[in-house]
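The sequence lines fix the lettering, A, B, ..., with proteins before strands; numbering per chain opens at 1. When reading the values below, keep in mind they use all heavy atoms of this one structure, side chains included, and skip hydrogens, waters and symmetry mates.
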Number of protein chains: 2
Amino acid sequence: MKKIIFCLSVCLTLFVFVHTQTLQSPGGRFTMVFALESDGTPNYTLSYKGRVVIKPSKLGLELKNDKQSLLNGFEITKIDTSSFDETWKPVWGEVATIRNHYNQMAVTLGQKETGRQMIIRFRLFDDGLGFRYEFPSQKNLVYFVIKEERTQFAMTGDHTAFWIAGDYDTQEYDYTESKLSEIRGLMSKAITSNASQMQFSPTGVQTALMMKTGDGLYINLHEAALINYSCMSLNLDDKNFIFQSWLTPDGNGDKGNIQTPSTSPWRTIIVSDDARDIVASKMTYNLNEPCKLENTSWIKPVKYMGVWWEMITGKSTWSYTNDYPAVELGVTDYSKAAPNGKHGATTANVKKYIDFAAQNGFDAVLVEGWNIGWEDWFGHSKDHVFDFITPYPDFHLQELNEYAHSKGIKLIMHHETSGSVRNYERYIDTAFKLMKQYGYDAVKTGYVGNILPAGEHHYSQWTVNHYQYTVEKAAQYHIMLNGHEAVRPTGIARTYPNLIGNESARGTEFQAFGGSHANHVTILPFTRLLGGPMDYTPGIFEMDISKINPSNRSHANTTIANQLALYVTMYSPLQMAADLPENYNRFPDAFQFIKDVAIDWQDSRYLEAEPGYYLTVARKAKTTGKWFLGSVNGYNARISNISFDFLETGKTYIATVYADAKDADYKMKPQSYTIRKVVVTSKSKLAQPCAAGGGYAISFVEADKTQTKGLKKL
Amino acid sequence: MKKIIFCLSVCLTLFVFVHTQTLQSPGGRFTMVFALESDGTPNYTLSYKGRVVIKPSKLGLELKNDKQSLLNGFEITKIDTSSFDETWKPVWGEVATIRNHYNQMAVTLGQKETGRQMIIRFRLFDDGLGFRYEFPSQKNLVYFVIKEERTQFAMTGDHTAFWIAGDYDTQEYDYTESKLSEIRGLMSKAITSNASQMQFSPTGVQTALMMKTGDGLYINLHEAALINYSCMSLNLDDKNFIFQSWLTPDGNGDKGNIQTPSTSPWRTIIVSDDARDIVASKMTYNLNEPCKLENTSWIKPVKYMGVWWEMITGKSTWSYTNDYPAVELGVTDYSKAAPNGKHGATTANVKKYIDFAAQNGFDAVLVEGWNIGWEDWFGHSKDHVFDFITPYPDFHLQELNEYAHSKGIKLIMHHETSGSVRNYERYIDTAFKLMKQYGYDAVKTGYVGNILPAGEHHYSQWTVNHYQYTVEKAAQYHIMLNGHEAVRPTGIARTYPNLIGNESARGTEFQAFGGSHANHVTILPFTRLLGGPMDYTPGIFEMDISKINPSNRSHANTTIANQLALYVTMYSPLQMAADLPENYNRFPDAFQFIKDVAIDWQDSRYLEAEPGYYLTVARKAKTTGKWFLGSVNGYNARISNISFDFLETGKTYIATVYADAKDADYKMKPQSYTIRKVVVTSKSKLAQPCAAGGGYAISFVEADKTQTKGLKKL
């Protein structure tokens, strides 16, 4: 009997062995088990520190006009395992070097009935799992159309999620924190009006999706390397708590046109019991291809201001004239139009910004509304909406660039496309040539409004291809690109580091469109920022927007200390001081932090993190080696308890702490702050009170005894 | 009582006068009556020689999200009448000068409830009516979306029509001749398979639509100046015999995005009791804007041959190799691929065509399949399908162009886009620059397969805009353009005479795809050719395609005499001798006509015409003044009775008559022909027997007595 049981066990083990494959992460924290179900459907299971975090979840794709699709009927024909451990240096980033260390398993699946092959490649890192589908070159699978990708992420329970509504055209929603089971009931409240939007399911959400389980585990779902594929959202089966991939359709309702050989983007699952590991994860970058640009010397982080907030608040206009209800480029004679008197991008006004930027050590000034066409620029599906090269009569292209350069300032170009994507591509070479001619090296692009051609969406394969085209073309011209309203980034800046930013989430402008949640900035680093930096455009010092434009009664839900902290917590190589010069002039001592803060880092230490509640990070500047720290807080006033053990031992520093005053509050008293200097060493600790919607920022300067005399020591 | 009746009559007349407006054609043949119905719906009625040909037919447009639309509630606010009489010279054409002579009425309509304005402009010519909608610049109508245009053409009865199925993507169908009431029952039979097609109604048809009434009146419906608007088809209410405009939708199902000020294309109604007036009508051109190009010296008619028919018949291939099921431009290494041995566009083969073309007085040689990408070029919605600049390893771009030029031949470029329209626009400047670099001055474009982006169609506003973009860009580069599978032309070549041709109908290639109707070429001049020349590519001497490619059992339904006649009856400034040189070498005496025939004309006389049955035309060459005549015949053998009174009086000519032999028949004996020389004067007459699917061609040379000695005189 024992023998029989033994034999059976061996057989069972062999059987299980044949149909399952196990992969461990380098440090052993994670285990991934790949399996084939009885009908040949592939699935995977992920465990973290011995606990299952992703229950057995199906993999595969449903194809158009294809009965079997790539869903089942598979058998394993090959397993390749390997390890990889390399360090690489990003051109700009939160850290100077990034380690790319994983164990890899590539499972080759053969579909008996069709003779087709598909590979699922798994990479297990110390912070989680990435996997993708690969479709090798083969006779039986040359071209196919995806009807839907059917990648599942089966949750172990009714986790808490920080989510925005699944949408084919915008990410500009405030986050909702709720249980998975509550998403359906909260969906309609979660959807606010936008210039272009289309939801697809009462339980659809976008990635990166941040979750927290009942036992304090943090789980993040996203994708990496979204190239020539449709952007993935997630649709929740809220009975079983299973997420399934939901791609963005094209004009025919199809979800992808694939030619083999080809790969899907990576689907990523980052897990930790420490929230700081999530925000610090570099998995998304690591899953992208190495830098493709030979020469990256022209790519430089930028600290800038802009003729922008005054239009966002409604104080001035992008447009030049009110004479015409609509304009026709090349036909409308602007020289005959009466200026409306509120045009923001006038030569005189731009010079004011250039002067202020130059006086305060900035690199550049963005100017929006410099070019003809703004009179009827959105909401009309206008095809020939901008030409990207013809300035308004009151914006003097050459004079302003020369003026700026004489003061060590560059202008940042603005290419609002209004979603008219073909029109932009028709002009893009001419527009980039003009930029080089006048000495612009960076452009902010925008896609406000529905995408033209009709039927395409901001996140469809077609439009993803367009964004990639603009990034690669900009690289050819040595132009840095910052894409607003584009698809959220997925680590592509590793390959094309001239993609120095995107908006692609709800940014600061919404503080002038009614306000954002006070804890919004405590969520974004766990979601939007995982795939690349965000041009969040912080630095708002006047929260009562009616003080800028009496007709706009918005209130920015943030404190000044919170705004300063953003320069550290919202990592970006492109940082804006978004407010008007006059508002900075009212608080020059607080403004000093913005002037001082670095924007490119050799090291970053996440000190405390709780999505939706708080985030504290210290960073060391790349060139100067100076440390800066930022902490942002959610709705609950709290005390941030941190240690300064990131500082170099044996050194003494003067820490200038910009914090909420005792009475500070994002709603009632947002401009109440204190600034104090204290002496710190690596042994110091801090217990810093933070207001609701507040935070604090610290700049550190190495000091000797003479400089620290008279200052309090922490 | 008499007084009361008198007053009532006066009032009635005044009432009628206020609500109807009448317009006459210059010669008085036509009367158009414009009226407003009781609910303010505009309509028009057209009479010819006192008989109503278009019954009261509604006008207007249905707008998206707009209750009243532009359909009713109108009142006449203004009437402007004028006359116009001008003569202009086309750069190339059937005639040297064209008279543009019409009486015009512009009716300004005000919509009381909305305060909106619309103008309907009528131009009444001696050959028919053109009218269009105009949307002036105004506060209450700046941007609108067309849900459907609702222009009616109410027929007076169950006319006979020569029609092809209404379709958003192709015109490549054989015509059906039937009563209007029979269209529905014959529709499924009328639809044959195509690489890209989408019908919209069981009674939908395309324009130009040729009809003949029971009383022998010819009526033709079409449009002119299709620019920045959606292409119009017609949907028939087959109970009441009313056609209504049916536009082509975009990816959202909308039918037009309009910004005021704007105009619709012209809707045209050509009427005559003489079919010759239809084919001779220049109304479509006259309704277009005058030539916009200052310099047209670079635009020259072209007689060409091509490395083309051998691929169409399947004897050789466009593609270079069979090694790969799919290729990736820039990645696939063609230098490593094994040539399939059947590639048509090899240096050696192209030189053969160049030699033959040079020896025989041609201007150019088209080469298809010269560039990488043909291995997987259609049916896959492949985005990056061609780059238009990289030749195959066996096609030597520089060498071949130099070789051609040394023999006085130019190569014609080929840009097959495979419907991937964005891809073409990305490459178009680079591709045109390459053309200029190597000395190409003409390009044939193609749009085989579904349009990308998905959801757009070949004839939607979006794609119409693309074709126009290519024409205008080609003009900038001094490049002549010939667009295949594009929207059928609507007279735009008046404005942009570098648009020297389109296919955009069922061309000669279908003779190798199973054959076309033997009377197809007796219909096309009444339909497709009204809007512009067709690159019909005639000159097939071998009708049994299996002699060229044993696997292809197609039979070309035509005789040699019919093929020769096409060079005169199918007017085009771009004429191809499409067959292989070896087939011309078998019939050098017949080929002589193709060598002799002119391709640009100072005068054209339509001698006999019956759509579907026969067409005979004589033309006088522009430079030499020589006359040529062609006659094509339908299914019924007949005798063509013509007079030569178009010849100059007092002169003597030798007419070389290429005709069907007695036993000729398009099916059984297509290659049976006779050639005879006869002496003719303007007093001569000819009774020429024509076979089914046959015809005849004549070249005229002025002669003196010595030359005519011994020849028969007609």
Side-chain angles (χ1 to χ4, degrees), chain A residues 64 135 137-145 228 249-262 324-329 331-332 375-376 378-385 420-423 425-430 450-457 460-463 465-466 469 473, chain B residues 64 135 137-145 228 249-262 324-329 331-332 375-376 378-385 420-423 425-430 450-457 460-463 465-466 469 473:
Chain A
K64 190 178 182 184
F135 314 102
S137 189
Q138 56 191 289
K139 280 222 176 109
N140 292 352
L141 193 66
V142 185
Y143 279 94
F144 62 95
V145 176
N228 200 16
D250 70 12
N252 281 336
D254 299 328
K255 298 213 170 186
N257 282 299
I258 309 293
Q259 173 193 341
T260 63
S262 189
Y324 314 124
V327 298
E328 202 181 332
L329 304 185
V331 174
T332 300
E375 284 68 25
D376 58 352
F378 92 91
H380 302 300
S381 286
K382 186 178 182 184
D383 198 324
H384 190 206
V385 59
S420 185
V421 160
R422 170 174 72 177
N423 180 62
E425 289 200 16
R426 285 178 173 178
Y427 279 106
I428 198 171
D429 279 282
T430 310
N450 289 330
I451 295 294
L452 273 187
E456 290 295 340
H457 294 282
S460 49
Q461 181 185 22
W462 178 263
T463 320
N465 173 302
H466 162 76
Y469 179 75
K473 187 171 279 289
Chain B
K64 189 179 183 183
F135 314 100
S137 190
Q138 53 191 292
K139 278 219 177 111
N140 291 351
L141 192 66
V142 185
Y143 279 94
F144 61 94
V145 178
N228 200 18
D250 70 13
N252 280 339
D254 299 329
K255 300 214 170 185
N257 284 298
I258 308 293
Q259 173 194 341
T260 64
S262 189
Y324 315 122
V327 298
E328 202 179 334
L329 303 186
V331 173
T332 301
E375 283 68 24
D376 59 349
F378 93 91
H380 303 300
S381 286
K382 186 178 184 185
D383 199 325
H384 191 207
V385 59
S420 185
V421 160
R422 169 174 71 177
N423 180 62
E425 289 201 18
R426 284 177 174 177
Y427 279 107
I428 198 169
D429 280 281
T430 310
N450 289 330
I451 295 294
L452 273 185
E456 289 295 339
H457 294 283
S460 48
Q461 180 186 23
W462 177 264
T463 320
N465 172 303
H466 163 75
Y469 179 76
K473 189 171 277 290

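In this structure the side chain of B:Arg422 reaches within 4.5 angstrom of the side chain of A:His466, judged on heavy atoms. With contacts defined as side-chain heavy-atom distances shorter than 4.5 Å, the pair B:Asp383/A:Asn465 qualifies.
Between chain A and the options B:Ala454, B:Gly455, B:Gly379, B:Gly253, the largest number of non-hydrogen pairs under 4.5 Å is found for B:Ala454. Of the listed residues (B:Val331, B:Val142, B:Thr260, B:Val421), the greatest number of heavy-atom pairs within a distance under 4.5 Å of chain A belongs to B:Val142. Options B:Lys139, B:His380, B:Lys382 differ in how many heavy-atom pairs under 4.5 Å they form with chain A, and the most are formed by B:His380. Chosen from B:Arg426, B:Glu328, B:Gln138, the residue pairing most often with chain A at heavy-atom distances under 4.5 Å is B:Arg426.
With values rounded to the nearest 0.5 angstrom, B:Tyr469 atom OH is found 9.5 Å from A:His384 atom NE2. Annotation: the span from B:Asp250 atom CG to A:Ser381 atom OG amounts to 8.5 Å, rounded to 0.5 Å.
The minimum heavy-atom distance linking B:Ala326 with A:Gln259 is given by the pair CB-NE2, 3.4 Å. Heavy atoms only, all atoms of each residue included: A:Glu456 and B:Pro453 are closest at OE2-CB, 4.1 Å.
Of the atoms belonging to B:Asn257, it is side-chain heavy atoms, and not backbone ones, that fall under 4.5 Å from chain A. Interface remark: A:Ser460 contributes no atoms to any contact with chain B (heavy atom separation under 4.5 Å). A:Ile428 does not touch chain B: none of its heavy atoms, backbone or side chain, sits under 4.5 Å away. At a 4.5 Å heavy-atom cutoff, B:Ile258 makes no contact with chain A through either its backbone or its side chain. Interface remark: B:Asp376 contributes backbone and side-chain atoms alike to the contact with chain A (heavy atom separation under 4.5 Å).
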